[in-house]
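Read through the structure below, which is laid out as structure tokens, and then see the notes.
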Protein chains: 2
Amino acid sequence: MDDSGSSSLDNLQTEEKIFLAARKVFIQKGFEGASTADIAKEAGVNKALLNYYYRSKENLFLKVLHKCVVELWEKSFSILAQPIDLFEKIKLFVNQTTETYLSDYQTLNFILYETSKWDNKMIDMFKDELENKFLPELDLFYKQVEEEIQKGTIKPVDPFSLLLDIISLVLLPITHGQIIIRLNTYQNITDHYTFLRNRTNNIINTILCQLKQDC
Amino acid sequence: MDDSGSSSLDNLQTEEKIFLAARKVFIQKGFEGASTADIAKEAGVNKALLNYYYRSKENLFLKVLHKCVVELWEKSFSILAQPIDLFEKIKLFVNQTTETYLSDYQTLNFILYETSKWDNKMIDMFKDELENKFLPELDLFYKQVEEEIQKGTIKPVDPFSLLLDIISLVLLPITHGQIIIRLNTYQNITDHYTFLRNRTNNIINTILCQLKQDC
DNA sequence: GTCTATAGGCGGATAGAC
DNA sequence: GTCTATCCGCCTATAGAC
């Protein structure tokens, strides 16, 4: 019953060391820019072990990307399906997503760039999550928005367009902060992070302003 | 006075054929993913000619990226510096930028991804444009917003934050449309382009709603 | 499971003929 | 200016010793 023999534990450690190193290198350099030698060096193991555990660079890459996307969903988008007040939910999503990816914009950039090249192989890889988790959870959000509209709590809006507004306002300044910050001559920014953290209030106002009846 | 000898014309043609091919391939595959062989094949010329005209792959790439960024500015961001009414300007920017890059999202994606890796070499390449064109033009926009606030025409907002709102709402759904469209179970979209074109009105409303006094 | 050694291909760049 | 031929390094993947 106990399969945690020392040999098995060692395997897991090496396998995971490779995975974590691959994750780091792929995020920094992208699929094309990363080499298996880079990853092996980062993991402190021999290059051949990558193929032993993961068969090919592409397979390792897909596993890393899959993990990143699932984590992005868990840490951030899952909030949208929780049974809480719509306004509170939007505030929570904006604040939490900003907090999560502000200090780790490269991971977000990696996910968005690599998935923008989606082919059938990648789509298949996410088929399960899309059908059984991502899309059903979003549907809960769409339904909640429709209910609030019917109750007259908020102005009539297109739920998908609302979602797009929220995602856009939160994500783009994070993913492309390196460029965008150079366009800010309006004020001297000592810390871009601090600026974007404070901006969450602006984003929430912008969103809620188009929803609230008395705005 | 006439320096358009046939030999000079031929040179320009080949040089430009390479440039246009490089542009196409870099945009499709990115810097790392593109090979000089790809580019030569696309241009219908010999691989060695790339080095004859452009010295190295990196140099060719930087010239392509530079052209793309300048064109992005000319076609889209320059609007922000024109002497027109603020509300009309925002409408024009949203509609024109959407129209320009909806049918060419890969170019936008290319610019944003490659510049997100900015190092000192890239920054130097844009030093001139940043100092003498991009930033001064943006300053005109910031000033216009401030003037409208002082006149009481619009509610007090942070001009840079307003710019970020506009950019984010317009660009992210275009650059990452391939993924985002998969999250839309709310409505059956026959044509993503049509959807995003119609959405410009939503975006304009969202922006103007936070500006107008009577909203 | 982990290593060394190496296969085999593709990358960018260049020399030299025409 | 344009081509062919080639150098040389780096890449991924694998065979085989331990």
Side-chain angles (χ1 to χ4, degrees), chain A residues 2-65 110 114 117 119 121-122, chain B residues 3-66 110 114 117 119 121-122:
Chain A
D2 182 6
D3 60 350
S4 63
S6 69
S7 139
S8 166
L9 267 179
D10 287 350
N11 295 353
L12 278 180
Q13 280 178 6
T14 301
E15 196 171 346
E16 202 173 355
K17 263 198 292 185
I18 293 171
F19 187 86
L20 293 175
R23 181 188 179 127
K24 184 173 174 186
V25 175
F26 279 134
I27 286 172
Q28 274 178 358
K29 305 192 175 181
F31 175 73
E32 308 281 0
S35 76
T36 51
D38 288 338
I39 296 170
K41 194 180 171 190
E42 175 70 35
V45 302
N46 191 279
K47 230 175 40 165
L49 286 180
L50 270 65
N51 295 86
Y52 177 77
Y53 283 107
Y54 292 97
R55 217 175 58 248
S56 71
K57 178 190 176 185
E58 189 188 13
N59 187 48
L60 176 54
F61 167 77
L62 290 176
K63 281 196 159 55
V64 166
L65 180 61
F110 168 73
E114 297 295 347
K117 302 185 283 188
D119 54 10
K121 192 183 286 179
M122 282 205 197
Chain B
D3 60 350
S4 63
S6 70
S7 141
S8 167
L9 267 181
D10 287 350
N11 294 353
L12 279 180
Q13 279 176 6
T14 301
E15 195 171 348
E16 202 173 355
K17 264 198 291 183
I18 293 171
F19 187 85
L20 292 176
R23 183 188 176 126
K24 185 174 174 186
V25 175
F26 278 135
I27 285 171
Q28 273 178 358
K29 305 190 175 184
F31 175 72
E32 308 281 1
S35 75
T36 52
D38 289 337
I39 295 170
K41 194 181 171 188
E42 175 70 33
V45 302
N46 192 281
K47 226 175 48 165
L49 287 179
L50 270 65
N51 295 88
Y52 177 76
Y53 283 107
Y54 292 98
R55 217 174 57 246
S56 72
K57 177 188 175 185
E58 190 188 13
N59 187 47
L60 176 54
F61 167 78
L62 290 177
K63 282 195 158 57
V64 166
L65 181 61
H66 188 271
F110 168 72
E114 297 295 347
K117 299 185 284 188
D119 53 12
K121 193 182 286 177
M122 284 207 195

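Bear in mind the structure is a predicted one, so any value in this text is a computation, not a measurement. Residue numbering restarts at 1 for every chain, and letters A, B, ... go by the order of the sequence lines.
Residue contacts for A:A40: at a heavy-atom cut-off of 4.0 Å it reaches no nucleic acid atom on any strand shown.
A heavy-atom distance below 4.5 Å is not found between the side chains of B:F110 and B:Q28.
Between the side chains of B:N59 and B:S56, no donor N or O sits under 3.5 Å from an acceptor N or O.
Look at B:N46 and you won't find any side-chain N or O under 4.0 angstrom from OP1 or OP2 of D:dT2. Checking the phosphate oxygens (OP1, OP2) of C:dT2, a side-chain nitrogen or oxygen of A:Y53 falls inside 4.0 Å. Residue A:S56 places none of its side-chain N or O atoms closer than 4.0 Å to OP1 or OP2 of D:dT12. For D:dC10, neither phosphate oxygen OP1 nor OP2 lies less than 4.0 angstrom from any side-chain nitrogen or oxygen of A:S35.
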Exercise. Going through the checks in order, is the salt bridge (charged side-chain N to carboxylate O under 4.0 Å, His left out) test met by B:E58 and B:K121?
Worked result: CA-CA 11 Å; B:E58 190 188 13; B:K121 193 182 286 177; 3.1 Å; yes
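Between B:E32 atom CD and D:dT12 atom P the separation is 11 Å, expressed in whole Å. The CG atom of A:N51 sits 13 Å away from the C1' atom of C:dT2 (whole-angstrom rounding). If you take NZ of B:K41 and P of D:dT2, they are 21 Å apart, rounded to a whole angstrom. In this structure, NZ of B:K57 is placed 9 Å from P of C:dG11, rounded to the nearest angstrom. Rounded to a whole Å, the CZ atom of B:F61 is 16 Å from the C1' atom of C:dG12. Distance, B:R55 CZ to C:dG12 P: 16 Å, rounded to whole Å. Here the C1' atom of nucleotide C:dA13 and the CG atom of B:L50 are 11 Å apart, to the nearest Å. C:dT14 atom P lies 12 Å from atom CG of B:N59, rounded to whole Å.
Here A:M122 contributes atom CE and A:F61 contributes atom CZ; the two are 4.5 Å apart, rounded to the nearest 0.5 Å.
Counting only heavy atoms from C-beta on, B:A48 has its side chain closest to D:dC3 among D:dC3, C:dT2, D:dT12. Here D:dT12 is the nucleotide among D:dT4, D:dT12, C:dC3 with the atom lying nearest to any side-chain atom of A:T36.
Within a 6.0 Å sphere centred on NZ of B:K24, heavy atoms belonging to other residues, nucleotides or ligands number 12 at most.
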